[in-house]
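Notes for the one structure printed next.
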Protein chains: 2
Amino acid sequence: MNQQPLLAYIKKYIDLTAEEETIVLSKIIDRRYLKNQYIIQQGDICKTINFIIAGCTKMFYVDEEGQEHIIMFSVEDWWSSDLGSFITQTPADFNIQCLENTQLIQFTFDKLEGLYKEVPKLERLFRKITERAFVASQKRVVRNFSLSAKEQYLTFKNTYPKIEQRVPQYMIASYLGITKEFLSKIKSQLIQDQ
Amino acid sequence: MNQQPLLAYIKKYIDLTAEEETIVLSKIIDRRYLKNQYIIQQGDICKTINFIIAGCTKMFYVDEEGQEHIIMFSVEDWWSSDLGSFITQTPADFNIQCLENTQLIQFTFDKLEGLYKEVPKLERLFRKITERAFVASQKRVVRNFSLSAKEQYLTFKNTYPKIEQRVPQYMIASYLGITKEFLSKIKSQLIQDQ
DNA sequence: AATAAATGTTAATCTAGTTTAACATCATTT
DNA sequence: AAATGATGTTAAACTAGATTAACATTTATT
């Protein structure tokens with residue numbers, strides 16, 4: 001599989017020597033999933049963190065009433081993992097399912113711990129990645145309680161214009177935390193407004 | 001100031017040699033703030049990350065209508081910083097204000113970058129801390145869209161029993177994203193229920 | 001091309017939480 | 001002790017978004 005996107009991504013955060021690159025590449029797993037396959041299921045222990053080379057996934061959980069709630073979508077050059085389960089190696093709260101045929105690069109928990117020892121710079125890489133992920137998550141909390149559903153939808157459209165086109169509308173409603181009917185209403189309002 | 005709580009905290013994540021401890025302690029700032037003083041204001045660049053030795057802070061932002069929204073409370077052995085502003089050194093989205101007289105240990109941006117070079121293990125420390133913070137934030141997003149206000153309040157009470165007693169009720173309402181009137185209603189319902 | 005399955009729309013009714021406003025209690029200052 | 005400001009309560013009227021249910025459109029399968 002083509003590993004260039006991963007190396008290019010890493011280079012945005014840290015510099016790797018040729019040897020370090022080789023070590024990293026020797027420890028990763030290439031993996032392909034078909035549309036609708038699960039990468040992780042709620043209750044399983046998440047054994048890998050997953051970098052997407054091609055495709056699209058949704059991370060979601062199913063509540064007691066059987067309702068699906070989407071936490072995030074991931075596409076090329078993003079990560080798709082239940083980090084809580086991964087770092088503590090305890091059962092996952094979330095499912096991750098492919099919305100398209102998807103190619104991943106996986107780091108297993110044990111191999112990654114080994115990698116941190118061989119290439120300590122990777123601690124810095126993942127520190128920085130996680131910092132950014134934390135900030136993004138905190139911003140989402142803020143949006144949740146300061147924006148109306150309409151404003152949140154417009155923010156989503158602006159922030160992830162490509163994702164909107166790849167994903168059915170009812171899943172976007174789920175991601176926004178509103179019903180598909182209400183999203184439909186919002187969209188028709190927006191059309192009338194202009 | 002007593003720096004033991006910081007060292008004890010760090011030891012939960014990584015081992016430091018005596019020399020490394022000395023280096024860390026040489027690069028930190030002890031700082032005291034009085035009740036109601038601001039550690040950071042919206043629009044300023046957040047120059048330090050702050051570890052609380054004693055006291056209590058709220059992080060919040062003020063929306064266009066002048067309404068305050070509390071993102072988090074921090075007490076002893078926690079961090080209190082606008083991480084987004086800190087890591088990018090751009091203007092802060094949030095204010096941090098002391099709810100009690102507060103003692104902090106501060107790491108400035110430049111000193112911390114230097115510390116990462118002298119004691120690379122600290123990358124690992126902050127990677128782990130940030131991972132946990134990210135997971136906690138993601139869980140809050142989940143709670144936001146799966147729990148009713150009453151359930152969120154009960155979760156808050158359970159998770160942070162000590163904070164509830166140190167902080168006025170209207171601030172807890174703000175943290176939960178509901179009005180103080182509605183929290184008051186919830187509490188009287190809970191009293192009747194039992 | 002016909003059928004079935006998945007996705008999207010509309011509208012009526014309902015509800016959790018907001019808004020407003022008046023009042024009650026507690027703590028601090030003079 | 002009185003007065004002021006900060007915090008908390010109650011209740012009525014209101015609204016954003018949920019629920020239900022019927023229907024419309026698009027996509028995939030035979």
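Every chain is numbered from 1 and lettered A, B, ... according to where its sequence line falls, protein lines coming before strand lines.
Picking from dT9(C), dT7(D), dT7(C) the nucleotide with the shortest atom distance to the side chain of Ser184(A) gives dT9(C).
Residues that satisfy the ring-ring contact (aromatic ring centres under 6.0 Å, His included) test with Phe156(A), not counting sequence neighbours, are Tyr160(A), Tyr175(A). With sequence neighbours excluded, no residue satisfies salt bridge (charged side-chain N to carboxylate O under 4.0 Å, His left out) with Lys35(B). Taking Gln42(A) as the reference, Asn95(A) meet the side chain to side chain donor-acceptor pair (under 3.5 Å) condition, with sequence neighbours excluded.
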Sequence neighbours left out, cut at 3.5 Å: what donor-acceptor pairs do the side chains of residues 103-114 of chain A make with other protein atoms?
from      : atom 1 : to        : atom 2 : distance (Å)
Gln106(A) : NE2    : Asn50(A)  : OD1    : 3.0
Thr108(A) : OG1    : Lys111(A) : N      : 3.2
Glu113(A) : OE1    : Arg124(B) : NH2    : 3.2

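Listed by first and then second residue, the salt bridge (charged side-chain N to carboxylate O under 4.0 Å, His left out) pairs that reach into residues 130-143 of chain A are Arg127(A)-Glu131(A), sequence neighbours excluded. Residue pairs meeting the salt bridge (charged side-chain N to carboxylate O under 4.0 Å, His left out) criterion with at least one partner in residues 76-92 of chain B, sequence neighbours excluded, are Glu76(B)-Arg166(B). Residue pairs meeting the ring-ring contact (aromatic ring centres under 6.0 Å, His included) criterion with at least one member in residues 22-55 of chain A, sequence neighbours excluded, are Tyr9(A)-Phe51(A), Phe51(A)-Trp79(A). Sorted by first and then second residue, the salt bridge (charged side-chain N to carboxylate O under 4.0 Å, His left out) pairs involving residues 40-53 of chain A (not counting sequence neighbours) form an empty list. Among residues at least two apart or in separate chains, salt bridge (charged side-chain N to carboxylate O under 4.0 Å, His left out) pairs with a member in residues 147-160 of chain A are Lys150(A)-Asp193(A), Lys157(A)-Glu164(A).
In the displayed structure, Lys117(B) atom NZ is contacted under 6.0 Å by at most 12 heavy atoms of other residues, nucleotides or ligands. Surrounding CG of Asp15(B) are at most 12 heavy atoms belonging to other residues, nucleotides or ligands under 6.0 Å away.
Distance Lys187(B) NZ to dT7(D) P: 14 Å, rounded to the nearest Å. Atom P of nucleotide dG5(D) and atom OH of Tyr170(B) are separated by 15 Å, given to the nearest angstrom. A straight line from CG of Asn36(A) to P of dA5(C) spans 16 Å, rounded to a whole angstrom. The separation between Ile186(B) atom CD1 and dT18(C) atom C1' is 12 Å, rounded to whole Å. Atoms CD (Gln189(A)) and P (dA11(C)) sit 12 Å apart, rounded to a whole Å. One atom, CD of Gln192(A), and another, C1' of dT9(C), lie 13 Å apart when rounded to the nearest Å.
Near DNA chain C, defined here as any heavy-atom distance below 4.0 Å, the residues from residues 139-165 of chain B are Ser148(B), Ala149(B), listed numerically.
Checking the phosphate oxygens (OP1, OP2) of dA6(D), no side-chain nitrogen or oxygen of Gln169(B) falls inside 4.0 Å.
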Worksheet entry | Footprint string (nucleotides 18-27 of chain D, 5' to 3'): B base within contact, S backbone only, - free, heavy atoms under 4.0 Å | SBBB------
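A rotation axis mapping the C1' atoms of four pairs onto the next four is fitted at both ends of the helix from dA1(C)-dT30(D) to dT30(C)-dA1(D) over five pairs, and the angle between these axes is 40° to 10 degrees.
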